[in-house]
Every structure is written in structure tokens, then in C-alpha cells.
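The sequence lines fix the lettering, A, B, ..., with proteins before strands; numbering per chain opens at 1.
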Number of protein chains: 2
Amino acid sequence: MSPVKKTRAAARVEQIETIKDVSRRLLAEKGVTGLSLREVAREMGLVSSALYRYFATRDELLTALILDAYNDLGSAVERADRRSVTLSSRRRWHAATRAIRRWAKSHPHEYALIYGTPVPNYVAPELTIEAATRVSGALARILSDDWARRPPTRTTASTANIRTFLIVDNIRELLPDVPPDHYVKALIAWTHVFGFINFELFGQYVGTVRNADVMFDRVMDEIADFLELGD
Amino acid sequence: MSPVKKTRAAARVEQIETIKDVSRRLLAEKGVTGLSLREVAREMGLVSSALYRYFATRDELLTALILDAYNDLGSAVERADRRSVTLSSRRRWHAATRAIRRWAKSHPHEYALIYGTPVPNYVAPELTIEAATRVSGALARILSDDWARRPPTRTTASTANIRTFLIVDNIRELLPDVPPDHYVKALIAWTHVFGFINFELFGQYVGTVRNADVMFDRVMDEIADFLELGD
DNA sequence: TCATTTAGGAGAGCACTGCTCTCGTTATCC
DNA sequence: GGATAACGAGAGCAGTGCTCTCCTAAATGA
């Protein structure tokens, strides 16, 4: 209502931003378990109880960080895709998946926060689901665009069978030009991007993979074949 | 040296077993973060400091639980494979991967312990790597056995290129009959089993997958095609 | 057999955590 | 200008992992 926001509200959002920034720094240094409200407060020259004016609980702060992480990753992959949108589908796929992995490796703890073990008792708020869709949406667009360019030989198989195990309405929104009988392949591709990064970051590839950079490209190429992406 | 072990040593291993049992129960109830040494001690009618006679630190207890979890899962999939070893490679693949997922769903917190975010600062002890190999080894045997039955049309391509990003010596041990140019495919299959289960258990499939049971079978069938497993 | 070593448990205590409550102060709104 | 609400300080509670000292009872060696 007031023409100009006064210092009060501005100071609040600024304070919230500071809390999240400090938290992100401590998160990067010591991981989730090492992130404590008291230390954040200490760093800010505040007493711990003051933080509760902004976040009712530690989990609430973590949820905010998760949301930001999803959006940060989301915009990173969107940016990468924007740069390569004129190239072939295969190159777009490589650019996008590389961007995801790159973000993951430079923000390992934030990545673990969103794609690792759910922190408290796992209840994904609606907002995080929406933010999470940004990154999968970017990948989906590449695949859907590719199908839009393919010769229209599609068989348009019935979705009746697929409906038993997939929520096709939600998927169709993301893959408007992909025939439903390819939804499973698309989900496999999506799953594999994060399956690889999880295994790499969480140490499962120790002893088998020597150079994960090269391996990732090879695997993503194999997935592109699997998706029959245009070259 | 003594002919019969006295009560002392036996009581010790028994006490250790009790600690791990109680810990597993509490782990299943409240997750990793909810597992506290003091509560374990309380349940056993002990004082917390007594537990430190058996585990020098909480992480040491967790490491023991991780080791047991790997072995428990390992023997579960080995058992499943033993029952289906006479069937086709495709059926063996389905039996083994189903066993893995079944174990994961009935031990979600233990699964998260070994395939989720590394708990403290991630240092995988040698012993856990060995135990972890049991489950991947069981999967590998299926694939290697399948290749042993295939007509010997293998091209035996040079491993020179693959050596740059894979530790082929370790992989060859697990896949003795698989030509090296198929190692990447094998690693993709292995990665995807756990990529799927991670996504399912950690809530990433909410909104897209309706019936994960059916979806899993479909996906594993697609992977079997990808591996060209015999039917 | 008896003295000695050693293992196991009890209990107090330290430093830390998340979170709650009360109480002044100070900026905002009517 | 006075009421209202936001903000921060500070004390305190219950909980944590871990350490240290002390005592008892069991295993060991001469």
C-alpha cells in the first residue's frame, strides 16, 4: 500500500538473505550435520534465539536452502540450455547434463541436500516440487524438441497400459511432443543423470571409475543413443 | 591358546551384537540422525559411557552398521540369484534386481546409510568396499555368465582407450567373460539399479511414477534389452 | 592358590546442540 | 504521540557425543 517499502521490511529480507548466505557457507565447509543455528548466529554477531524470528526451526531453514538450491541448479541448467539451444539435440543433451554435473561438483553439500538422503523425515513441500521441476523440465524440453523435429512416424500407442504405473498427465506437460510409449525411456534417462552423479559424489565409483569426467560424457552419449537423439 | 573360550570373550561379542541390534531398531524407527548412543545405552540398561568400551565413537558404530548392511544386502541378492541361477539371464537379472529393491524397501534407513549421502565426512574403509562388492559382484556374475553363453563373435577391441577412464583390471575381475567395450554398458546398468531405487526412496518420483513396482520391472526390462541379455 | 593385572560399568562433568521463555528497546502504524 | 508489533539479549531446559575417574569382578600368571 505504501509507495515505498520502509526500512523494516527491507531489513527483514536482508537479514534472511544474510542468514541463508552464512548457512550456505557453513554448509559448504562442514556439511549438513555441521550446520548449526548457534554458529550462524555467532557469525552474524547475534544470539541464537534471534534467528528464530526468521526461521521457526532448523528444518525450516534447511527447507529454504533446499528451495534455493533447486532454483540455483535449475537456472544453471536453463542457462546452459539457452546457450546451446541452436545446436543438435545431442549437443543440447550433453550441455545440459554437463551443467548439472558441474553444479553438483561445485556445490556438493547443496547437491546432497536436494538429491541425497532426505534430511529430517522427508516431507517435500509443494514449493520444492515446483522448483525441482525446473531442472527436469529443462532436460525434458530437449527431448520433446527433438521429437518435434522427427518425421511423424509415431504409432501413437494407447496410454491405457502406461497409465497403470505412470502419471501420464504430469509427464505429458513436460514432454508434449513425445509419444507416451517413450515416457519410460525418458524417465530412465532422467534417472540416470542423477544416478551417475550420486554414485560419483557419494563414492560408489571408487575402484572402478578412474576419470569420471570422461566416463560421464561416454555414459551421456550412450543415453543419447538410447533416446535416439538427433545428431 | 586356551582350549575353550571363556565367558569373557563370548560376552563381549554378544554385547556388541546387542548394541548393533538395538541400534538397528532405533535406526529403523528414527533414522540416522535420531540414533543416539545414550538412547541405545538406556534401552540396554546401561550408562552411555559403557558403550565406549565397545565402540570408540558414534561413527565407528555407524561404520559397523554400514558393513553389516552391505553384507545383509549382499547375501540377500546372492540368495535370490542362487534360486534363479538355472533360469535365463533375463530372469536372473530381474530376480537379483528385485531382491535389491525389496531389501531396500524393507530396510530404508539402512539402505540410506549405504547408498545415501555419506554420513560424516565420507571415508570409506577398505572393509566396506569389499562388502560393497558382494552385491555388485552378484549382478556382474549374471552379465558375465550371459556372455559366456553367447556365440564367440566378440571383436576383442583394445582396452587402451577404456583404460583412460576405467580401472579395467578391477572390472575384469567381476566381468571375466564380458569384452571390455561393454564395460560402460555394464556400469550403466549397475548405476541405474540404484539410481532408480534412490529416486524412489528419496521421493524424486513423486508426481511422475504411480506404481513403482510395475515401473521398476519395466525399467529393468529395458535395461536387460540394453544389455542384450538372453531370454 | 593368591596376588596382580585388566575389562566393564557407574557417575560426574564438559562443551555443544535446538528450542522456549521473558524482558527491555525501538521502529512502525493509527 | 501513544499503542502495537518486531527484534534482539539473556537465561534456561533437555538433549547430544565424549572424557575422566573410580570401583568391582573376572581372568591371568607365579
Side-chain angles (χ1 to χ4, degrees), chain A residues 1-20 22-23 25-27 29-66 109 113 118-121 123, chain B residues 1-20 22-23 25-27 29-66 109 113 118-121 123:
Chain A
M1 297 304 175
S2 52
V4 177
K5 287 290 178 185
K6 287 300 170 68
T7 46
R8 201 67 175 235
R12 184 174 178 84
V13 311
E14 192 178 335
Q15 197 77 309
I16 287 179
E17 221 49 48
T18 306
I19 293 173
K20 291 198 290 187
V22 174
S23 298
R25 229 191 51 231
L26 293 178
L27 183 71
E29 290 171 11
K30 315 184 181 188
V32 205
T33 56
L35 170 62
S36 91
L37 287 183
R38 294 182 110 107
E39 191 165 2
V40 174
R42 236 177 281 128
E43 293 247 348
M44 293 178 64
L46 287 184
V47 87
S48 72
S49 60
L51 294 192
Y52 287 84
R53 301 284 176 190
Y54 305 94
F55 295 97
T57 173
R58 198 189 105 112
D59 281 2
E60 203 171 283
L61 170 59
L62 283 178
T63 302
L65 293 180
I66 288 174
H109 288 109
L113 212 55
V119 198
N121 318 327
V123 267
Chain B
M1 296 304 173
S2 53
V4 177
K5 287 290 178 185
K6 285 302 170 69
T7 46
R8 203 64 176 240
R12 185 174 177 84
V13 310
E14 192 178 333
Q15 197 76 310
I16 287 179
E17 220 49 47
T18 307
I19 294 172
K20 292 198 291 188
V22 174
S23 298
R25 231 192 49 231
L26 294 178
L27 182 71
E29 289 171 12
K30 316 185 178 186
V32 206
T33 56
L35 170 61
S36 90
L37 287 183
R38 293 181 110 108
E39 191 165 1
V40 173
R42 236 177 281 127
E43 294 246 350
M44 293 178 64
L46 287 182
V47 86
S48 72
S49 60
L51 293 191
Y52 287 83
R53 301 285 178 189
Y54 304 95
F55 295 97
T57 174
R58 196 189 107 111
D59 281 3
E60 201 171 285
L61 169 59
L62 283 178
T63 302
L65 293 179
I66 288 174
H109 288 109
L113 212 55
V119 198
N121 317 329
V123 266

Tell me: [atom1] of [X] to [atom2] of [N], nearest whole Å?
X: B:Leu26; N: D:dT16; atom1: CG; atom2: C1'; value: 14 Å
X: B:Leu62; N: D:dG17; atom1: CG; atom2: C1'; value: 12 Å
X: A:Arg58; N: C:dT20; atom1: CZ; atom2: C1'; value: 18 Å
X: A:Tyr52; N: D:dA11; atom1: OH; atom2: P; value: 18 Å
X: B:Leu51; N: D:dT19; atom1: CG; atom2: P; value: 13 Å
X: B:Ile16; N: C:dA7; atom1: CD1; atom2: P; value: 13 Å
X: A:Met44; N: D:dG8; atom1: CE; atom2: C1'; value: 11 Å

Output one line per pair: protein atom, nucleotide atom from nucleotides 5-7 of chain D, and distance, for all N/O pairs under 3.5 Å.
from: D:dA6; atom 1: O4'; to: A:Arg8; atom 2: NH2; distance (Å): 3.3
from: D:dA6; atom 1: N3; to: A:Arg8; atom 2: NH2; distance (Å): 3.3
from: D:dC7; atom 1: OP1; to: A:Arg12; atom 2: NH1; distance (Å): 3.4
from: D:dC7; atom 1: OP2; to: A:Arg12; atom 2: NH1; distance (Å): 2.4

Side-chain contact check for B:Leu46: nearest option of C:dG9, D:dG10, C:dA12 is C:dG9
Select one nucleotide: of D:dG10, D:dC18, C:dG11, the one nearest the side-chain heavy atoms of B:Ser48.
->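 Taking heavy atoms from C-beta onward, the closest nucleotide is D:dC18.
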Under 4.5 Å between any side-chain heavy atoms of B:Leu61 and B:Leu51, yes or no?
-> no
Kindly say whether, by distance alone, the side chain of A:Thr57 makes a donor-acceptor pair under 3.5 Å with the base of C:dG18?
-> no
Pair A:Val40-A:Leu46, side-chain contact (heavy atoms from CB on, under 4.5 Å): steps then yes or no | CA-CA 8 Å; A:Val40 174; A:Leu46 287 184; over 6 Å; no
Give, ordered by number, those residues of residues 34-42 of chain B having at least one heavy-atom distance below 4.0 Å to an atom of DNA chain D; if nothing qualifies, reply none.
-> B:Leu35, B:Ser36, B:Leu37, B:Arg38, B:Arg42
Mind jotting down which residue pairs meet the side-chain hydrogen bond (donor to acceptor under 3.5 Å, both in side chains) criterion with at least one end in residues 34-44 of chain B? Sequence neighbours excluded, please.
-> B:Arg25-B:Glu43, B:Lys30-B:Glu39
Sort and list the pairs that fulfil side-chain hydrogen bond (donor to acceptor under 3.5 Å, both in side chains) and have at least one residue in residues 45-57 of chain A, not counting sequence neighbours.
->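 Every candidate side-chain hydrogen bond (donor to acceptor under 3.5 Å, both in side chains) pair involving residues 45-57 of chain A fails, so no pair, neighbours aside, qualifies.
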Do other residues, nucleotides or ligands put more than 12 heavy atoms under 6.0 Å from A:Glu60 CD?
->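 Atom CD in A:Glu60 is crowded, with more than 12 foreign heavy atoms closer than 6.0 Å.
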Could you tell me whether B:Glu29 atom CD has more than 12 heavy atoms of other residues or ligands within 6.0 Å of it?
-> yes
When rounded to the nearest 0.5 Å, the distance separating CG of B:Leu35 from CG of B:Leu26 is 6.0 Å
Under the side-chain contact (heavy atoms from CB on, under 4.5 Å) test, which residues partner A:Glu17, sequence neighbours left out?
->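 Result, side-chain contact (heavy atoms from CB on, under 4.5 Å) vs A:Glu17: A:Lys20, A:Arg24.
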Is there a side-chain contact (heavy atoms from CB on, under 4.5 Å) between A:Leu62 and A:Phe55 once you walk through the steps?
-> CA-CA 10 Å; A:Leu62 283 178; A:Phe55 295 97; over 6 Å; no
